[in-house]
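We count residues from 1, following the sequence as given.
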Amino acid sequence: MTYTKNIMIWALVVLNVFFLAVFGLGLYRENTEKRLMYRELYELMQRHDILLDTSGISDDGELFRLDTSRDPAAERLLAGTLLGETTDADQSGSIIATYAGDRGEAVFRSGGEFQITFSQSVYTAGDSVESAVVKLLKLMAFETADVAVSTEDGRTTATAVCTWSDYRIFNCRVQFVYEDQILKEISGRQVANIHRTDEQTEMSASSAATALMRFLHTVKNNTAISCSAIMDVSPGYSFTAAVYGDGSLRPVWCITADSGEFYVDAETGEVEQSTA
């Protein structure tokens with residue numbers, strides 16, 4: 001009985017080793033193919049006088065075309081959360097909504113843009129602007145990427161890119177402006193009521209290569225765009241809104257070059273330069 005049991009155990013061990021070997025071989029082949037593709041991309045870009053940092057090409061992911069819609073209740077709640085008790089100062093045909101209170105004013109527009117100004121010292125930065133902004137983003141229930149902080153002429157600006165399911169929405173950002181460590185303004189663009197459509201776009205490493213090819217084609221055929229280096233290629237979303245608030249998130253590849261950020265539509269291959 002013991003002999004039979006030992007044989008079964010060893011058989012399972014051998015079987016597991018076999019599957020691990022097959023899995024490891026698959027990963028090795030996949031990594032080898034990816035390295036080969038990246039080397040070919042690097043050499044192609046180099047022939048066109050563009051330095052490509054292949055370590056900045058993100059791994060594949062699965063993104064979806066998404067629909068969005070404006071949420072007036074969430075806007076009102078956000079205004080009240082940051083400003084305390086407010087009144088509806090203006091509702092311009094559902095396109096612009098303004099809320100006013102003793103602490104300041106909040107203005108929301110149908111395209112997702114908003115601006116909240118403070119008339120008194122409500123929030124201070126304390127020892128760290130970044131830490132203060134992270135706490136405010138949690139209070140606002142905004143999902144964002146890392147916060148970038150810059151200071152110029154006594155004004156400190158902290159910027160965070162909005163995200164959905166850990167993917168950046170490249171053209172939706174929130175900015176916090178401090179003067180003498182006192183928060184003066186929060187502005188930016190937000191997306192509400194995000195939900196999936198029936199359409200699905202799968203983005204993979206090969207589509208990153210396709211995005212780079214489309215970008216190269218655009219650079220060589222558009223004299224208004226110059227590029228000598230590409231530092232990052234990442235999958236994410238671009239937000240487009242209609243006049244009355246409904247909109248969509250399109251899967252794109254964001255190419256960060258020395259001449260700016262460019263979005264390559266994952267479905268159409270169209271290239272547009274960021275204006276953010």
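- Residues Tyr42 and Leu51 form a side-chain contact, since some pair of their non-hydrogen atoms from C-beta on lies under 4.5 Å apart.
- Partner of Leu52 under the side-chain contact (heavy atoms from CB on, under 4.5 Å) criterion, out of Met231, Glu43, Met45, Gln46: Met45 alone.
- Between the side chain of Ser119 and the main chain of Arg103, a donor-acceptor pair closer than 3.5 Å is present.
- Taking the six-membered ring for Trp and thresholds of 30 and 60 degrees, Tyr99 and Phe108 have ring planes more than 60 degrees apart, a perpendicular arrangement.
- The local environment of CD in Gln120 is crowded, with over 12 non-hydrogen atoms from other residues, nucleotides or ligands closer than 6.0 Å.
- Among Gln190, Arg109, Arg70, the single residue meeting the side chain to side chain donor-acceptor pair (under 3.5 Å) criterion with Glu75 is Arg70.
- Using modelled atom types, no side-chain atom of Gln273 and backbone atom of Ile225 make a donor-acceptor pair closer than 3.5 Å.
- How far CG of Leu212 is from CE of Met37: 9.0 Å, rounded to the nearest 0.5 Å.
- Judged purely by atom type and a 3.5 angstrom limit, Asn193 has no side-chain atom pairing as donor or acceptor with the backbone of Thr68.
- Without hydrogens or angle criteria, Ser165 side chain to Tyr167 main chain gives no donor-acceptor distance under 3.5 Å.
- Sequence neighbours left out, the pairs with a member in residues 117-139 that pass ring-ring contact (aromatic ring centres under 6.0 Å, His included) are Phe118-Tyr123.
- Proximity of the aromatic rings of Phe170 and Tyr237 is defined here by a centroid distance below 6.0 angstrom, and this criterion is not met.
- One finds a salt bridge joining Arg173 and Glu261 here, because a Lys/Arg side-chain nitrogen approaches an Asp/Glu carboxylate oxygen to under 4.0 Å.
- Counting heavy atoms of neighbouring residues, nucleotides and ligands inside a 6.0 Å radius, atom CG of Asn221 exceeds 12 of them.
- Taking 4.5 Å as the limit, every side-chain heavy atom of Pro251 sits out of range of all side-chain heavy atoms of Pro235.
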List the steps and the verdict of side chain to side chain donor-acceptor pair (under 3.5 Å) for Tyr263 and Ser274. CA-CA 7 Å; Tyr263 307 138; Ser274 168; 3.3 Å; yes
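- Under the 3.5 Å distance criterion, with hydrogens and angles disregarded, a donor-acceptor pair is assigned to the side chains of Asp258 and Ser228.
- Open room surrounds CG on Asp180; 12 or fewer heavy atoms of other groups in view lie less than 6.0 Å from it.
- Remark: the backbone N or O of Gly269 is paired with a side-chain donor or acceptor of Arg214 at under 3.5 angstrom.
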Without placing hydrogens or testing angles, list every side-chain donor-acceptor pair under 3.5 Å for residues 154-162, not counting sequence neighbours.
{"from": "Arg155", "atom 1": "NH1", "to": "Glu179", "atom 2": "OE2", "distance (Å)": "2.7"}
{"from": "Thr156", "atom 1": "OG1", "to": "Thr151", "atom 2": "OG1", "distance (Å)": "3.1"}
{"from": "Thr159", "atom 1": "OG1", "to": "Gln175", "atom 2": "NE2", "distance (Å)": "3.4"}

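- In this structure, Arg189 contributes its side chain and Gly111 its backbone to a donor-acceptor pair below 3.5 Å.
- In this structure the side chain of Glu40 never reaches within 4.5 angstrom of the side chain of Leu44, judged on heavy atoms.
- Of all heavy-atom pairs between Ile116 and Ala106, the closest is CG1-CB, 3.8 Å.
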